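Structure, as structure tokens:
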Amino acid sequence: MPEQVPNEELKIPVIEDRDAAGEVAAVYDEWRAKSGRAMMPGILKCFSHRPDFLRDVMKFGDTVHFSEGHLDRRTKEAIASWVSYLNRCPY
């Protein structure tokens, strides 16, 4: 599991899972239910102060990254994993 960067060191303040309330908590819960994962990834938490936009980002990811098209999902995920590795990015 990638190491978590302490919130005070982030350039973009995020709302952590444990601190999410109201609409942010609802969006986090939607993502967790759909993904089967326990924690929201930091890349999505960057949008936590705008839950309406966070929903749009998640929808974009679902329709562009995780849908079938010119490349199948497996190939897209392999490319994303390789690029993340090259960039030393935990996402």
Side-chain angles (χ1 to χ4, degrees):
M1 176 178 237
E3 185 177 321
Q4 291 283 75
V5 177
N7 204 359
E8 59 272 0
E9 293 181 25
L10 297 174
K11 294 185 189 309
I12 300 173
V14 300
I15 299 172
E16 295 296 343
D17 294 71
R18 69 182 174 274
D19 301 322
E23 189 67 15
V24 176
V27 176
Y28 282 19
D29 287 344
E30 291 166 20
W31 186 87
R32 284 192 287 265
K34 185 172 53 173
S35 70
R37 294 172 57 189
M39 301 290 288
M40 282 291 287
I43 193 72
L44 291 177
K45 288 179 188 175
C46 291
F47 305 102
S48 59
H49 292 282
R50 285 281 313 274
D52 58 324
F53 188 65
L54 174 54
R55 273 199 178 99
D56 290 341
V57 169
M58 291 174 6
K59 183 177 178 182
F60 175 80
D62 289 344
T63 57
V64 174
H65 297 135
F66 303 118
S67 63
E68 298 296 326
H70 294 293
L71 301 174
D72 62 18
R73 180 177 176 158
R74 181 180 177 142
T75 302
K76 290 177 186 178
E77 289 192 19
I79 292 168
S81 296
W82 180 247
V83 170
S84 291
Y85 169 77
L86 292 174
N87 290 321
R88 293 182 173 82
C89 176
Y91 310 116

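Each residue takes its place number in the sequence, starting with 1. All values below were derived from every heavy atom in this structure, side-chain atoms included, with hydrogens, water molecules and symmetry-related copies excluded. What you are looking at is a predicted structure, and each value in this text was computed from that prediction instead of being measured.
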Heavy-atom closest contact ([X] atom, [Y] atom, distance):
X: Arg55; Y: Ala26; result: NH2-CB, 4.3 Å
X: Met40; Y: Leu54; result: CE-CD2, 4.3 Å
X: Pro41; Y: Arg37; result: CB-NH2, 4.4 Å
X: Ser48; Y: Pro51; result: O-CD, 3.8 Å
X: Arg32; Y: Ala38; result: CD-O, 2.9 Å

Original post:
Sequence neighbours excluded, which residues qualify as side-chain hydrogen bond (donor to acceptor under 3.5 Å, both in side chains) partners of Thr63?
Top reply: none

Subject >> Set of salt bridge (Lys or Arg N to Asp or Glu O under 4.0 Å) partners for Arg73, sequence neighbours left out >> reply: Glu77

Original post:
Partners of Asp56 by salt bridge (Lys or Arg N to Asp or Glu O under 4.0 Å), sequence neighbours excluded?
Top reply: none

Original post:
Partners of Phe47 by ring-ring contact (aromatic ring centres under 6.0 Å, His included), sequence neighbours excluded?
Top reply: Phe53

Test of understanding: with side chain to side chain contact (heavy atoms under 4.5 Å, CB included), list the residues that count as partners of [X], not counting sequence neighbours.
X: Tyr85; answer: Trp82
X: Asp62; answer: Lys34, Phe66
X: Asp52; answer: Arg50

Original post:
When rounded to the nearest 0.5 angstrom, what is the spacing between NZ in Lys45 and CD1 in Ile15?
Top reply: 10.5 Å

Original post:
Out of curiosity, Lys76 NZ to His70 NE2, how far, rounded to the nearest 0.5 Å?
Top reply: 9.0 Å

Original post:
Going only through I, L, V, M, F, W and Y residues with side-chain contacts under 4.5 Å, is there a path from Leu44 to Val83?
Top reply: no

Original post:
What residue pairs, at least two apart or across chains, pass ring pair (Phe, Tyr, Trp, His ring centres under 6.0 Å) with a residue in residues 19-44?
Top reply: none

